[in-house]
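Only one structure is covered here, and it is reproduced in the block below.
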Amino acid sequence: MSRRDVGDRRLNLQVALGATLRALPRLWSGAVGALALCLAAWLAPVIVPMTGALWTTIWILVTGLATLVAVGALTRLAVTDDVAGARTLGLGPLGLQFGRPEARLLGAAALCLIFLAMILIVLSLVVLAIFGTAELDVAAIQARDWSRVGAPWKLGLLTALGLGALLVPLLLIVRLALFAPATLGRRQMVSLNSMGIAYGSFWPLLAGLIVTALPKIVLLVLIGGGVISGLTASLAWTVGLIGLQFPLTLGFLGAAYRQLEYWTPEETKP
């Protein structure tokens, strides 16, 4: 497919969100074992307090593995029409499986994180260098006396620079968000080139991620406001995150990927 054809593709947010809601029962039933394993791993320290570096290390490794299995199962279900189709991508019984696709997911995630870290480091150095040469009044900043901090044009320029330093990582994160469904859908590791799939659909992707993050946002408000606290807050956060937030987010990304994907297996053939 030509670059022009790729660029003409746009995400229909309403269709993607509708597909996400319809897919939820399939995601829950097809990945019930993986979700239960992931939930048990995350709740282990709440139920059985762990002490010592060894047990903490073991818990981190087990939790990471269980999360990877759950993400793999949910993503397979999200990029296919039914459980039978997900099984052709390696979905195991109850969503319990671990194979090359999970290794590819881990590798793609690592590459994306390394890329983002490099960008953040460069942006931080640039921002620090510019702020360092701006000759602002540090004492006035500490006293919050903004009238003596520096010239208004300097403050405006530095504010714009700071906002830009925040927007660039956000842009990249959204553009890279389809790496998981692309890795499993294409049956090969897809990391930075997943930005090509999301080309031209930044705003609907961002809007969809915000909408599907509403359960997490509600929980944060309830916990931050003190409505729920202690053990109840820990249980509600973990269950809500794994039982609802994971399926919603991965379901939406899978629906978005299916709309935006332009690659076909034949393209790899000579």
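Just so it is clear, the model here is predicted, and its values are computed rather than measured. Only this structure's heavy atoms are used, side chains among them; waters, hydrogens and symmetry mates stay out.
- Of all the heavy atoms in Leu250 and Val71, the pair that sits closest is CD1-CA, 4.0 Å.
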For this session: Report the C-alpha distance between Leu206 and Leu171 in whole Å, list the side-chain angles of each, state the deciding distance to 0.1 Å, and finish with yes or no for side chain to side chain contact (heavy atoms under 4.5 Å, CB included).
Result: CA-CA 9 Å; Leu206 177 61; Leu171 172 65; over 6 Å; no

Problem set entry | Residue pair Phe252, Val211: steps toward the side chain to side chain contact (heavy atoms under 4.5 Å, CB included) verdict | CA-CA 10 Å; Phe252 170 71; Val211 170; over 6 Å; no

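- Within the 3.5 Å criterion, the main-chain N or O of Ala182 finds no donor-acceptor partner in the side chain of Gln188.
- A donor-acceptor distance shorter than 3.5 angstrom exists from the side chain of Trp59 to the backbone of Ala41, with no hydrogens or angles considered.
- Taking CG from Leu166 and CG from Leu120, the interatomic distance works out to 10.0 Å, rounded to the nearest 0.5 Å.
- Under the salt bridge (charged side-chain N to carboxylate O under 4.0 Å, His left out) criterion, the residue pairs touching residues 61-78 are Arg76-Glu102, with sequence neighbours excluded.
- For the residue pair Ser201 and Leu260, the shortest heavy atom distance occurs at OG-CD2, 3.5 Å.
- No donor-acceptor distance shorter than 3.5 angstrom exists from the side chain of Thr63 to the backbone of Ile60, with no hydrogens or angles considered.
- The line from CG of Leu65 to CG of Leu37 is 7.5 Å long, rounded to the nearest 0.5 Å.
- Here the side chain of Thr249 pairs no donor or acceptor atom with the backbone of Phe246 at under 3.5 angstrom.
- Atom CG of Leu178 is separated from atom CG of Asn193 by 11.5 Å, given to the nearest 0.5 angstrom.
- Atom CE in Met189 sits 5.0 Å away from atom CG in Leu111 (nearest 0.5 Å).
- Side chain of Thr183 to main chain of Val190: a donor-acceptor pair is present (N/O by atom type, distance under 3.5 Å, no hydrogens or angles).
- Grouping Ile, Leu, Val, Met, Phe, Trp and Tyr by side-chain contacts under 4.5 Å, direct or through others, puts Ile114 with Met118.
- For the pair Thr238 (side chain) and Leu235 (backbone), a donor-acceptor distance under 3.5 Å is absent.
- The line from CG of Leu214 to CD of Gln245 is 8.5 Å long, rounded to the nearest 0.5 Å.
- Among residues two or more places apart in sequence or in another chain, the side-chain hydrogen bond (donor to acceptor under 3.5 Å, both in side chains) test is passed with Arg258 by Asp81.
- Without hydrogens or angle criteria, Gln97 side chain to Val69 main chain gives a donor-acceptor distance under 3.5 Å.
- The OG atom of Ser191 sits 11.5 Å away from atom CG of Leu105, with the distance rounded to the nearest 0.5 Å.
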